[in-house]
Protein chains: 2
Amino acid sequence: MDTSLRRTLHDRGLRMTPQRQLVLDAVRELQHATPERICEQVQRVAPAVNITTIYRTLDLLEGLDLVWHTHLGHGAPSYSSQAHEHVHLVCHRCGGLTEIPPEELIDLTARLRDRFGFVLNPSHLALSGRCVQCPEPEGS
Amino acid sequence: MDTSLRRTLHDRGLRMTPQRQLVLDAVRELQHATPERICEQVQRVAPAVNITTIYRTLDLLEGLDLVWHTHLGHGAPSYSSQAHEHVHLVCHRCGGLTEIPPEELIDLTARLRDRFGFVLNPSHLALSGRCVQCPEPEGS
DNA sequence: TTAGGTGCAAACTTTTTGCCTCCGA
DNA sequence: TCGGAGGCAAAAAGTTTGCACCTAA
C-alpha cells in the first residue's frame, strides 16, 4: 500500500486504483522493464489487467514523476522508478549495459544546473558510447 | 560524392549505390531525423526509393559507425551523423531539446574512459532531466 | 553467373484510440 | 448521476521479412 501515491493522485482529482498500485509496484520491483514485461508481472496478481491499462498507467505515473522511461537499446522502452540509483553506460555496438554509481556525475550535474538550469536526473540516465570489449572502429 | 564511403563499403565486399549515398547525405543534412523524415528527403531526389531501403541502409551505415541513432523522446528514433557536434539535453517533462557544446563533457569523458574503459560518444548524447521552463514536481 | 541490392507487398510488433461499461464520490 | 477508469477490439505507427528482379563484378 502506498499512501503517498493515493495522496498524489487525490490532489489532482485522480483516483487510486489497484491497477495503478500494481503497475507502480511492478516497475519498482523489476527495474528496466518493458511495458510488456510489466504487464506480465501485474497479471500474476491480477490476470484481467489489460496491456492498454499498463500503457495508460505508465504514462500517468511518468507524468507524476514516479516512474521514468528511456530507450536503453533497440526496441521497446525501459521503465524504472526513481528508487533505482544507477547510471547506465550503453554500448552502441554490442548493446551491452554497464552500471556505474551516480556519484560519477556529481560534477556534471552541478555544472548543467548552474550553466543551463537543467536538472539532470542522474539516477536514470543512459550514456551512449563504446564499451571495453568492443573494438575501435577503423579509421579513427 | 563520398569516396571514403565507397572505400569503406568496398573493403567489406559491399557495393556503393546511389541510395546509400543519398541516405548518408540526408542524415548529415537533417540531423535528428526519423527514418520517415530521411525517406522524404531522399525521395526528393529519387522518388522511387523505398522506406525499406532507408531502414536497411541506416542499419548498414550504423554498423559502419557513420551514423548513429538515439531515442530522444517518444516515438521514432532519431538518426545523426558523427559530424554533428552537440550534446543534447532532453527534458523528460516537456520533451524539449537543448543543445550544449561538447566541451561540457570533457571531464566526464576522461573519467569514464579511465575508470571504466568506456569511450563516451560526446557528439551524440542525450542527457535526460528537467529543463529550465518546467516546474519542479511537488514533494521534492 | 553469381551474389549483392532494391522495390514491393505483406506480416509483425508495439502503441494508441474509440467505445462501452462499471464504479465510487 | 457524473466523470474517472479499465477492458476489449480495432486502428495506427513503426519496423521487418519474403520474394522476384535487376545489376555490377
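In the text below, chain A, chain B and the rest are named by the order of the sequence lines, each starting its count at 1. Note that this is a predicted model, so its numbers are computed, not measured.
- In the hydrophobic clustering (ILVMFWY side chains linked at under 4.5 Å, chained through shared members), Y55(B) is joined by I51(B).
- Among the heavy atoms of the strands lying under 4.0 Å from L14(B) are primed sugar atoms or P, OP1, OP2 only; no base atom is included.
- Taking atom CZ on R12(A) and atom C1' on dG3(D), their separation rounds to 19 Å, with Å as the unit.
- In this structure, CD of E36(B) is placed 9 Å from P of dA13(D), rounded to the nearest angstrom.
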Between the protein and nucleotides 23-25 of chain C, list the N/O to N/O atom pairs that are separated by less than 3.5 angstrom.
none

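- The OH-P distance, from Y79(A) to dT14(C), rounds to 14 Å in whole Å.
- Look at CG on L60(B): it is 16 Å from C1' on dT16(D), rounded to the nearest Å.
- In the set dT17(D), dT15(C), dT15(D), the nucleotide with an atom closest to the side chain of Y55(A) is dT15(C).
- For the pair T109(B) (side chain) and L120(B) (backbone), a donor-acceptor distance under 3.5 Å is absent.
- In this entry the distance linking CG of L58(A) with C1' of dA5(D) reads 15 Å, nearest Å.
- Look at T53(B) and you'll find a side-chain N or O under 4.0 angstrom from OP1 or OP2 of dG7(C).
- Residues G129(A) and F118(B) come closest through the heavy atom pair N-CZ, 3.3 Å.
- Remark: C1' of dT16(D) and CD1 of I54(B) are 15 Å apart, rounded to the nearest angstrom.
- L24(A) is not listed as a side-chain neighbour of R20(A), based on a closest heavy-atom distance of 4.5 Å or more.
- Nearest to the side-chain atoms of R56(B) among the listed nucleotides dG6(D), dC8(C), dG14(D) stands dC8(C).
- A side chain to side chain donor-acceptor pair (under 3.5 Å) with S81(B) is found for one member of E29(B), Q31(B), R28(B) and no other, namely Q31(B).
- Note on T17(A): every side-chain N or O is 4.0 Å or more away from OP1 and OP2 of dA5(D).
- When only modelled atom types and interatomic distance are considered, T57(B) and Q19(B) share no side-chain donor-acceptor pair under 3.5 Å.
- Between R130(B) and D65(A) there is no salt bridge, since no side-chain nitrogen of the basic residue lies less than 4.0 Å from a carboxylate oxygen of the acidic one.
- Here the C1' atom of nucleotide dC19(D) and the CG atom of N50(B) are 14 Å apart, to the nearest Å.
- The 5' end of DNA chain C is approached more closely, in terms of each residue's nearest nucleotide, by G13(B) than by the other of G13(B) and A48(B).
- L9(B) has its CG atom 16 Å from the P atom of dA24(D), to the nearest Å.
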